[in-house]
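See structure below.
Quick note: residue numbers are just sequence positions, from 1. Indexing begins at 1, ligand by ligand and atom by atom, following the structure's order.
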Amino acid sequence: MSVQAPSAATKILLDEQEMPTRWYNILADLPFPPSPPLHPATRQPIGPADLAPLFPMELIKQEVSTDRFIDIPQPVQDIYRLWRPTPLLRARRLEQALNTTARIYYKYEGVSPAGSHKPNTAVAQAFYNKAEGTKRLSTETGAGQWGSALAFAAKVFELECMIYMVRISYEQKPYRKSMMHVWGADVVPSPSPLTAAGRQIREQDPDSPGSLGIAISEAVEDAASREDTKYSLGSVLNHVLLHQTIIGEEAMLQMERAGAMPDLVVGCVGGGSNFSGLALPFVRERLKSGRKTRFLAVEPDASPSITKGKYTYDFGDSVGMTPLVKMHTLGHTFVPASIHAGGLRYHGMAPLVSGLVDHGIIEAVAYPQKTVFEAAVQFARAEGTIPAPESAHAVRAVIDEAVRAREAGESPTILFNLSGHGLLDLGAYDAYFAGKLEDVPLSDERIQELVGAL
Ligand SMILES: *Cc1c(COP(=O)(O)O)cnc(C)c1O
């Protein structure tokens, strides 16, 4: 707990020139060796050559680098400054509404062009691709947050961008597709007739709604089969988490300025990138100083990879084309129910997050979606900003922790990541108000079935 009196400010801003110029790489400080990714066919550790058809060499190097800090290239910094540093806010009105003794701070990543944290890595990935001569990027997107972030980043560095968007979202969530078009990307509903993977699914099921796993297979096939194209992934991988640490590096400066270091750091987790981006710099401080900071990852109970999954080797996609990585997983064939937090519907978890969970440094909790929207509305009515359904999972956990603190007579400092705004998710809020949201928890039998098969 902090010794100084906390500052009275509501909004703690950094000047542009105070923006950190290095990403933090936790591979330098891990108290355990990372488990190597394995080749999908041979099950032997993979080398850089195996990844070269899909990623530029600089990103492959970052994936395994043990340098503690990595300089952010100047052109990436220049783009970051379009919206960074992002604000850190003290949620005073929420504290009052909860009558809590806890101090609640949040880092707000919704001010980026795409409305979430995802451009932090999209811009970096587009830059390294451009620098190594890539002409075209391929990727998949579910609800469209990642696709819109990559479309923006590709435009900035004048790359073509091909996006395979899960068909059901393509039809039901048209506005993120519109954003991708504004930024000049090509978007096709997946499964598409453009790839062998897509054609095969369409033959089996002409009405397939698609899934993230199918779209990943299409985007990977696209990149692997074209000389001018590389593949881009928006979460899970070490280099993605690395790029997101700009969030936590800024937050560290802002919390110091606020005179209040966090006792608890909270974030929602899909693949784990926004949570890690905020948390990992504070994990470094815990490992260094022995500070008893807690780290809490919040997942949906419809896709509870950490709280109910198994820590083992599994594929990143549903077809089994990607390397095997050691992570908390519900099995690569698992298709989560279509909850409104589309960005949290993933069967696995970032290996770095999984390793830190396994070593007792990160805790996790899972929530059903109705209670998550209840928290989101409470937050919006106190603080104004309407959270993305994904980010609202973090809000739910923070409110519960703040109420618990009041009941225990404690006054912890809580810091959480508001990873994006919900202005393109208002249909989900409508459904919540109309009483049409369903909670879709996984039954214990289904979990036994999924995890037993691993
Ligand atoms: C994609 C997304 C997430 C989930 O992805 P992570 O890699 O776990 O961060 C969370 N919040 C928002 C707003 C997103 O767009």
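With respect to Asp400 and Arg404, no salt bridge is recorded, no charged nitrogen being found less than 4.0 Å from a carboxylate O. Comment: Arg345 does not engage Glu390 in a salt bridge, judged by the lack of any side-chain N to carboxylate O separation of less than 4.0 angstrom. A salt bridge links Arg284 with Glu249: at least one charged nitrogen is closer than 4.0 Å to a carboxylate oxygen.
Arg291 contributes atom CZ, which lies 6.0 Å from atom CE of Met261 (distance to the nearest 0.5 angstrom).
Under 4.0 angstrom from ligand 1, there are no non-hydrogen atoms of Val240.
A search for side chain to side chain donor-acceptor pair (under 3.5 Å) contacts involving His393 returns nothing, not counting sequence neighbours. Not a single ring pair (Phe, Tyr, Trp, His ring centres under 6.0 Å) links His421 to another residue, sequence neighbours left out.
Looking at Gln145, Met349, Lys118, it is Lys118 that brings a heavy atom closest to atom 1 (C) of ligand 1.
Those atoms of ligand 1 with a heavy atom of Glu390 less than 4.0 angstrom away are 10 (C), 11 (N), 12 (C). Set against the non-hydrogen atoms of Val269, the atoms of ligand 1 under 4.0 Å away are 8 (O). Interface atoms of ligand 1 facing Ser235, defined by a heavy-atom separation under 4.0 Å, are 6 (P), 7 (O). Listed by number with element, the atoms of ligand 1 under 4.0 Å from a non-hydrogen atom of Gly343 are 4 (C), 5 (O). Near His117, with a cut-off below 4.0 Å to any heavy atom, the atoms of ligand 1 are 2 (C), 3 (C), 9 (O), 10 (C), 11 (N), 12 (C), 14 (C). Near Gly420, the atoms of ligand 1 lying under 4.0 angstrom from a non-hydrogen atom of the residue are 13 (C). Atoms of ligand 1 found under 4.0 Å from any heavy atom of Leu344, numbered from 1 in the order shown, are 4 (C).
Any N or O atom pair closer than 3.5 Å counts here, and Gly272 shares at least one such pair with ligand 1. Where the criterion is an N or O separation shorter than 3.5 Å, residue side chain and backbone included, Gly270 meets it with respect to ligand 1. Where the criterion is an N or O separation shorter than 3.5 Å, residue side chain and backbone included, Ser391 fails it with respect to ligand 1.
In this model, no donor atom of one side chain and acceptor atom of the other lie less than 3.5 Å apart for Tyr346 and Glu299.
Although no hydrogens or angles enter the test, the distance criterion places no donor-acceptor pair under 3.5 Å between the side chain of Trp146 and the main chain of Thr141.
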**Report entry** salt bridge (charged side-chain N to carboxylate O under 4.0 Å, His left out) evaluation trace for Glu171 with Arg167
**Finding:** CA-CA 6 Å; Glu171 286 162 3; Arg167 174 180 297 273; 3.7 Å; yes
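For atom 11 (N) of ligand 1, the closest heavy atom belonging to the protein is Ser419 OG, 2.8 Å.
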